[in-house]
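What follows is a short report on a single structure.
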Amino acid sequence: METINSVREYTITHVRPELIDKLEVKFLPEIIPNFAARETFENLRQKSNFHDFFLKDATLNPFNPRDQANKFETELIINFKRHEEIQELSGFRSTLNGDFFYLARPIRVQEPSCLECHSEPSAAPPSLVERYGSVNGFGWKLNEIVGAQIISLPVNQVIEEAHQLFFLIMGIVSFLFLTVICINVKQ
């Protein structure tokens, strides 16, 4: 998750300043931190070891319908809104695609620059309103929790890694135990 957030930060600090002036003429999704993060994650998913990993920036009021929170995601977001001190939730859930471990963090509007697009349609670049319309994705407020960043991975992968770690630890403990016994026997 930290890697994905680094991609977002890079987009905000390096890509956005280069593209901001072009928004008056044409909307470029590359200017959106979520777009860069999601595209980077989709490239990662092309590798066989990560095919069943999922990333979603689920929001209650997104521009892009693919970011609309489903029932499970909405419950997470509401929980983050009710308990703002919670910075991370994790657990297991079953879906039609199998059992998954999830890790979720709140999406809070922390940058005033987010409100350049998400406050009111009249404040947003015309090319953005032309692409997404003037109904969804607006009305956000500074410091408001508007969504949840969620990464999900198959439970079988989590269990497999836990087994590998368990056997590694048991091997090390066994080696140390046998070493101590051998040293004591020689004395």
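No experiment lies behind these values; they were computed from the predicted model shown.
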| Least distance between heavy atoms, Pro33 atom then Ile12 atom | CG-CG1, 3.5 Å
| message | So that I can tick it off, tell me whether Arg108 and Glu144 are bridged by a salt bridge, with the cut-off set at under 4.0 angstrom between side-chain N and carboxylate O. | response | no
| Checking salt bridge (charged side-chain N to carboxylate O under 4.0 Å, His left out) for the pair Asp57/Arg8: CA distance, chi angles, key distance, verdict? | CA-CA 12 Å; Asp57 282 355; Arg8 283 185 176 86; 2.2 Å; yes
| query | Are the side chain of Lys81 and the backbone N or O of Ile145 linked by a donor-acceptor pair below 3.5 Å? | reply | yes
| Pairwise distance CD(Gln110) to CG(Leu142) - rounded to 0.5 angstrom | 8.5 Å
| message | Hydrogens and angles aside, do Gln149 and Asn34 bring a side-chain donor and acceptor to less than 3.5 Å of each other? | response | no
| Salt bridge between Arg38 and Asp67, side-chain N to carboxylate O under 4.0 Å? | yes
| Does Ile86 reach the side chain of Phe80, with side-chain heavy atoms less than 4.5 Å apart? | yes
| request: Assess the pair Phe72 and Tyr102: is the distance between their ring centroids shorter than 6.0 Å? | output: yes
| task | Identify the two heavy atoms, one from Ala124 and one from Cys117, that lie closest to each other, and give their separation to 0.1 Å. | result | CB-O, 3.7 Å
| query | According to a 4.5 Å side-chain heavy-atom criterion applied to Ile, Leu, Val, Met, Phe, Trp and Tyr, with indirect links allowed, do Leu153 and Ile150 form part of one hydrophobic cluster? | reply | no
| Are more than 12 heavy atoms from other residues, nucleotides or ligands located less than 6.0 Å from atom CD of Glu75? | yes
| field | Hphob cluster co-occupancy, Val109 + Ile107, side-chain heavy atoms under 4.5 angstrom | value | yes
Taking distance alone, no hydrogens or angles, what donor-acceptor pairs closer than 3.5 Å link side-chain atoms of residues 88-96 to residues at least two apart or in another chain?
unit_1: Glu88; atom_1: OE1; unit_2: Arg105; atom_2: NE; d: 2.8
unit_1: Glu88; atom_1: OE1; unit_2: Arg105; atom_2: NH2; d: 3.0
unit_1: Ser94; atom_1: OG; unit_2: Asp99; atom_2: OD1; d: 2.5
unit_1: Thr95; atom_1: OG1; unit_2: Asn97; atom_2: N; d: 3.1
unit_1: Thr95; atom_1: OG1; unit_2: Gly98; atom_2: N; d: 3.4
unit_1: Thr95; atom_1: OG1; unit_2: Gly98; atom_2: O; d: 3.0

| field | Cluster overlap Phe41 with Phe101, hydrophobic side-chain contacts below 4.5 Å | value | yes
| Gap separating the OG1 atom of Thr74 from the CG atom of Asn79, nearest 0.5 angstrom | 12.5 Å
| said: Through direct or indirect side-chain contacts below 4.5 angstrom among Ile, Leu, Val, Met, Phe, Trp and Tyr, which residues connect to Leu128? | reply: Tyr10, Val15, Leu19, Ile20, Leu23, Phe27, Leu28, Ile31, Ile32, Phe35, Phe63, Val129, Tyr132, Phe138
| Are Glu116 and Arg16 close enough, and set up right, to give a salt bridge (charged side-chain N to carboxylate O under 4.0 Å, His left out), and what steps lead you there? | CA-CA 12 Å; Glu116 292 171 11; Arg16 190 174 196 286; 2.9 Å; yes
| note | In terms of heavy-atom contacts, Glu24 and Pro126 come closest through OE1-CD, 3.9 Å
| pair Ser119-Lys141: side-chain heavy atoms closer than 4.5 Å | no
| Donor-acceptor contact present, side-chain Asn136 to main-chain Pro62, <3.5 Å | no
| task | Give a yes or no on this: more than 12 heavy atoms of other residues, nucleotides or ligands lie within 6.0 Å of atom CZ of Arg82. | result | no
| field | Gln87 side-chain N/O to Glu84 backbone N/O, donor-acceptor pair under 3.5 Å | value | yes
| task | Provide the closest heavy-atom pair for Trp140 versus Asn61 in the form atom of the first, atom of the second, distance. | result | NE1-O, 3.3 Å
| task | Determine yes or no for a side-chain-to-main-chain donor-acceptor pair under 3.5 angstrom, with Gln68 supplying the side chain and Leu60 the backbone. | result | yes
| message | Measuring from atom CD of Gln46 to atom CG of Asn49, what distance do you get when rounded to the nearest 0.5 angstrom? | response | 13.0 Å
| field | Leu76 with Ile78, same ILVMFWY side-chain cluster at under 4.5 Å | value | no
| message | Are Phe50 and Phe100 connected into the same hydrophobic cluster when the rule is that any two of I, L, V, M, F, W, Y join if their side-chain heavy atoms are below 4.5 Å apart? | response | no
